[in-house]
Amino acid sequence: MRNLVIIGSGPAGYTAAIYAARAQLEPLIFTGSSPGGQLMLTSEVENFPGFPDGVLGPDFMDALRRQAEKFGAQIVDEEVVGVDLRVHPFKISTNSRVEEALSVIVATGASAKWLGLPGEQRLRGKGVSGCAVCDGYFFRGRDVVVVGGGDSAMEDALFLTKYASHVTIVHRRREFRASKIMQRRVLTNPKINVIFDSVVEDVVGTNKLEGVVVKNFVTGERTHLAVAGLFVAIGHEPNTKLFRGQLELGEKGYIRVYDQTTRTNVEGVFAAGDVRDPRYRQAVTAAGDGCKAAMDAEKYLESLAEKEGIRLPA
Ligand code: NAP
């Protein structure tokens, strides 16, 4: 039996592992099918304090992983496929094992959203992409569209200018949601133009993307853009499928936590990072949350040991 199992390996999961390992809780961390989480799909992280010259997302995640390992966290590259939080100790299953744990930290993060257009999924990997950093290289010398008005869309558009001959951003409102610095970089980049008040209404192409249909909300006009790539950057939804019916979910399906802690409605289960945060969703806030979750778990385990006379596994 484990003191603590951490599910997820973004900044929240690894930070929780670092703190819990240093508290001698000997945590086990299941990294999931995408070890390192969303930052593995980012290029430069410029806003994490302590890195004045920026740091590459994958390098940063590798450093966090090594830091967790250094203090004795056990890291397992497996995906959790089931949890039972109705029993205590809790049960956490992957395809190859079932672990029992006195406490659990959920740090499963969030996944990219899609537009939901007919043909969008069929053309994924054939011109339609959710990851500019992964797929941008395939669009050398081609025209591409990015959908969205947040920091991700700005970052994707700027990244794609390294490869594409031209980048068009399609955004559904007149103002971007992105930070001012990112907006400025986009609006002053000669390889980027923006179509506001508009949505991508259709994708065109049978075996590969040949273009998109853009509809302007104000004029009602439809325009066909001949592009080889469509990059969808319209935000994320929390990865909570495993916990439905067991953990209470709040706004937009994010896990609900209580009293400005990381405590969920199930005693002994804590939630940290993007899976419980519809508002800030930053690497640094997720890391802070991971720290809080480890401290909350430690307190819980101490009180459990006191109350029930359980001797915590060393
Ligand atoms: P976001 O801030 O939620 O922005 C999503 C954008 O997509 C919004 O502009 C939204 O439009 C649009 N959108 C949502 N659903 C849509 C739909 N069905 N059709 C068309 N457009 C749609 O998400 P994000 O850009 O992924 O950023 C998430 C968080 O990560 C933010 O806190 C952001 O600051 C952070 N982030 C930071 C950096 C950085 O600092 N370098 C990089 C990436 C992300 P509306 O504006 O009309 O709602």
Side-chain angles (χ1 to χ4, degrees), residues 10-12 36-61 109-121 128-134 136 145-161 167-187 189 192 194-203 212-218 222 225 230-239 251-254 273-289:
Q38 291 178 64
L39 282 189
M40 298 299 282
L41 308 176
T42 318
S43 47
E44 197 87 358
V45 180
E46 290 182 330
N47 52 10
F48 202 99
F51 295 93
D53 302 320
V55 57
L56 292 175
D59 290 352
F60 181 60
M61 295 319 297
S111 298
K113 285 200 297 190
W114 294 93
L115 293 168
L117 301 173
E120 184 185 35
Q121 294 306 318
V128 175
S129 171
C131 178
V133 173
C134 319
V145 161
V146 174
V147 182
D151 280 325
S152 297
M154 306 298 112
E155 195 173 70
D156 284 4
L158 291 163
F159 181 80
L160 287 164
T161 58
V167 180
T168 302
I169 297 178
V170 175
H171 179 41
R172 64 183 177 182
R173 289 188 298 130
R174 181 122 284 271
E175 295 98 39
F176 285 134
R177 176 182 295 277
S179 56
K180 290 282 178 281
I181 184 170
M182 297 296 273
Q183 290 194 33
R184 199 171 328 119
R185 284 182 194 168
V186 158
L187 295 171
N189 191 309
I192 302 176
V194 185
I195 305 179
F196 286 111
D197 294 325
S198 299
V199 285
V200 168
E201 196 183 51
D202 202 4
V203 292
V212 296
V213 177
V214 175
K215 183 182 176 190
N216 183 300
F217 281 137
V218 180
R222 286 186 171 81
L225 296 181
L230 167 65
F231 289 85
V232 180
I234 59 168
H236 296 83
E237 51 200 358
N239 297 324
E251 192 189 338
K252 301 182 200 148
Y254 289 77
D274 284 11
V275 74
R276 69 117 210 124
D277 176 14
R279 184 184 290 252
Y280 299 105
R281 298 170 297 174
Q282 303 296 303
V284 66
T285 52
D289 238 23

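Both counts, for ligands and for their atoms, begin at 1 and track the order of listing.
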*asked:* What verdict does the side-chain contact (heavy atoms from CB on, under 4.5 Å) test give for R222 and D202, after you've listed the backbone C-alpha separation in whole Å, the side-chain angles of each residue and the deciding distance to 0.1 Å?
replied: CA-CA 10 Å; R222 286 186 171 81; D202 202 4; over 6 Å; no

Note to self: Does V212 form a side-chain contact (heavy atoms from CB on, under 4.5 Å) with V147? I'd like the steps, not just the answer.
What the structure shows: CA-CA 11 Å; V212 296; V147 182; over 6 Å; no

Q.
Pair R172, I234 - check side-chain contact (heavy atoms from CB on, under 4.5 Å), show working.
A. CA-CA 10 Å; R172 64 183 177 182; I234 59 168; over 6 Å; no

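In this structure, M154 has no heavy atom closer than 4.0 Å to ligand 1. Not a single heavy atom of E175 sits closer than 4.0 Å to an atom of ligand 1.
Looking at L158, L117, D151, D277 and measuring to atom 34 (O) of ligand 1, the nearest heavy atom belongs to D151. Nearest to atom 25 (O) of ligand 1 by heavy atom, out of A110, A112, S152, G54, is S152. The heavy atom nearest to atom 47 (O) of ligand 1, out of those in R281, E155, R173, is found in R173. Closest heavy-atom approach to atom 16 (C) of ligand 1 among the candidates E46, R172, H236: R172. Compare I234, L39, D156 by their heavy atoms: the one nearest to atom 22 (C) of ligand 1 is in I234.
Remark: minimum distance from atom 1 (P) of ligand 1 to any protein heavy atom is reached at R177 CD, 3.9 Å. Atom 23 (O) of ligand 1 has G235 CA, 3.5 Å as its closest protein atom, hydrogens excluded (heavy atom only).
The line from CD of E237 to CG of D274 is 12.5 Å long, rounded to the nearest 0.5 Å. Rounding to the nearest 0.5 angstrom, the gap separating the CG atom in L230 from the CG atom in L115 is 6.5 Å. In this structure, CD on E44 lies 12.5 Å from CG on L158, to the nearest 0.5 angstrom. Rounding to the nearest 0.5 Å places OG of S152 at 13.5 Å from CZ of F231.
Contact annotation: for N47 versus ligand 1, heavy atoms closer than 4.0 Å belong to the side chain alone. Under 4.0 angstrom from ligand 1, the non-hydrogen atoms of Y280 all belong to its backbone. Counting heavy atoms closer than 4.0 Å to ligand 1, residue V45 contributes nothing at all.
With ligand atoms numbered from 1 in the order given, ligand 1 contributes 30 (O), 31 (C), 32 (O), 33 (C), 34 (O), 35 (C) to contacts under 4.0 Å with heavy atoms of Q282. Taking every non-hydrogen atom of L115 and a distance limit under 4.0 Å, the qualifying atoms of ligand 1 come out as 19 (N). Near G149, the atoms of ligand 1 lying under 4.0 angstrom from a non-hydrogen atom of the residue are 6 (C), 7 (O), 8 (C), 9 (O).
Considering both main-chain and side-chain atoms, A153 never comes within under 3.5 Å of ligand 1 through any nitrogen or oxygen pair. Considering backbone and side-chain atoms alike, R279 places every N or O at 3.5 Å or more from each N or O of ligand 1.
Pairing each heavy atom of I169 with each of A157, the nearest pair is CD1-CB, 3.7 Å.
In this pair, F60 and F51 present their aromatic rings perpendicular. The plane angle is above 60°, beyond the 30 to 60° band.
For Q282, the side chain to side chain contact (heavy atoms under 4.5 Å, CB included) partners two or more places apart in sequence, or in a different chain, are N47, V284, T285. Listed by chain and number, the residues in a side chain to side chain contact (heavy atoms under 4.5 Å, CB included) with N239 are T108, S111 (sequence neighbours excluded).
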